[in-house]
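Beneath this line is the structure, given in C-alpha cells, with notes to follow.
The analysis underlying the following values was restricted to heavy atoms, covering all of them including side chains, and did not include hydrogens, waters or symmetry mates. Note that ligands are numbered from 1 as they come in the structure, with each ligand's atoms numbered from 1 the same way.
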Amino acid sequence: MKTKFIYAVLLFSAFSIGTKNIYASGANQKTIKNLQDAFVGESTASAKYAAYAKKAKDEGLLRVGLLFEAASKAESIHAGNHKAVLQQLGGTIPEVNPKFEVKSTKENLEDALNGESYEISTMYPGFIKQAQDENASSALISLNYAFQTEKKHKEMYADAIEAVKNGTEKKLSGIYYVCSTCGNTYNSEAPERCGISMTSKERFVRFSL
Ligand SMILES: [Fe+2]
Ligand SMILES: [Fe+2]
C-alpha cells in the first residue's frame with residue numbers, strides 16, 4: 001500500500017513537472033511563430049535585395065544598386081537577430097528557400113517599397129504587440145531593431161523611385177553605413193553611435209561606389 005502511494009506521488013510529481021515544462025515552453029508560442037515568419041521574411045528580403053542590387057548595376061543604376069546592397073546586409077542582420085532569439089526561446093529555425101522574381105529596377109524598387117510598407121504597417125506592429133503580451137523581452141529587442149530600420153528603408157526606396165523617375169539617380173547617395181547590431185542604415189556619414197542600438201560607429205559596415 002505504502003509503495004503504491006509513493007509510486008502515485010512520484011507519478012503525480014512527474015506529471016506536474018511535465019505539465020510545468022509544457023506550460024513554460026508554451027509561454028512564447030505566438031512569439032516563436034512570429035519570429036520564425038520574420039526570420040524567413042528577412043532572409044528572403046536579404047537574398048532578394050542582393051539580386052536586385054546586381055540587376056540595378058547591370059542597368060547602370062549604381063547608386064540604386066548600392067542602396068539594395070546596404071539594405072540586403074541590414075536584412076541579413078535582422079534575420080540573424082531573430083534566429084538568435086529563436087534559439088534562446090527553444091524554437092526551431094525554419095529552412096529558407098527564397099522565392100522572388102527579378103524584374104526591371106523600377107519594378108524591383110516598387111516591390112521593395114511594398115515589402116517595407118507591409119512590415120512597418122502590419123507585420124512588425126502586430127509581432128511587437130504579441131511579444132509585449134508574452135513578456136518576450138529579447139524578441140522585443142530584435143523585432144524593434146527591424147521595425148525601426150524598415151522605416152528608414154521605406155524612405156530610401158521612396159526617394160530612389162522618385163530619382164529613377166526624374167532621371168536624377170546620380171544625385172542619390174554614393175555611401176551607406178549599416179549598423180552591425182541592429183541593421184540601422186545611414187545614407188550619409190554615420191554618427192558616433194547608432195541612433196537605434198547605440199552601437200559605436202567602428203562597428204558599422206560601409207558601402208560606397
Ligand atoms: Fe529587415
Ligand atoms: Fe528593410
Side-chain angles (χ1 to χ4, degrees), residues 31 33-56 63-87 93-94 96-102 105 107-131 136 138-164 172-173 175-188 190 194-197 199 203-207:
T31 293
K33 171 76 177 69
N34 292 341
L35 283 170
Q36 287 167 334
D37 287 354
F39 170 74
V40 172
E42 296 286 354
S43 303
T44 303
S46 180
K48 186 166 78 170
Y49 292 168
Y52 288 176
K54 189 180 175 301
K55 174 69 175 171
R63 287 156 195 266
V64 173
L66 200 64
L67 165 58
F68 276 131
E69 257 180 46
S72 170
K73 178 68 183 173
E75 313 307 4
S76 77
I77 291 164
H78 296 159
N81 287 341
H82 296 334
K83 183 179 175 179
V85 180
L86 271 172
Q87 284 166 333
I93 311 301
V96 185
N97 301 300
K99 283 184 190 70
F100 55 85
E101 205 183 325
V102 179
T105 294
E107 290 167 292
N108 294 339
L109 278 169
E110 291 288 350
D111 173 71
L113 182 76
N114 290 338
E116 302 286 352
S117 298
Y118 163 70
E119 289 183 354
I120 297 163
S121 65
T122 310
M123 189 178 102
Y124 280 121
F127 289 180
I128 287 169
K129 171 80 177 63
Q130 281 182 330
S138 300
L140 273 173
I141 295 172
S142 165
L143 294 168
N144 193 54
Y145 280 171
F147 179 50
Q148 299 304 331
T149 302
E150 314 311 5
K151 290 182 194 169
K152 298 183 76 174
H153 287 173
K154 186 188 171 189
E155 295 297 317
M156 290 173 191
Y157 286 135
D159 290 346
I161 288 168
E162 278 306 298
V164 170
L172 290 172
S173 179
I175 191 160
Y176 287 87
Y177 287 91
V178 175
C179 173
S180 60
T181 302
C182 67
N184 188 6
T185 310
Y186 289 92
N187 60 2
S188 58
C194 171
I196 298 173
S197 64
T199 301
R203 293 181 52 213
F204 277 49
V205 184
R206 185 178 186 273
F207 295 84

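Distance check for E116 against the Fe ion (ligand 2): an N/O/S atom falls below 2.8 Å. Not one N/O/S atom of H78, from backbone or side chain, sits under 2.8 Å from the Fe ion (ligand 2).
Annotation: cation-pi geometry not satisfied between K154 and Y157 (NZ/CZ under 6.0 angstrom from ring centroid, within 45° of ring axis).
When you scan the N, O or S atoms of H153 for the one nearest the Fe ion (ligand 2), you land on ND1. Of all N, O or S atoms in E75, the one lying closest to the Fe ion (ligand 1) is OE1.
Summarising the geometry, atom CG belonging to L140 is positioned 7.5 Å from atom OG1 belonging to T31; distances are rounded to the nearest 0.5 Å. The CZ atom of F204 sits 4.5 Å away from the SG atom of C194 when rounded to the nearest 0.5 Å. With values rounded to the nearest 0.5 angstrom, N108 atom CG is found 8.5 Å from K48 atom NZ.
Inter-residue side-chain proximity for S72 and F68 is flagged as unmet; no heavy-atom pair is nearer than 4.5 Å.
Remark: at the Fe ion (ligand 1), atom OE1 from E42 and atom OE2 from E150 enclose 130°, rounded to the nearest 10 degrees.
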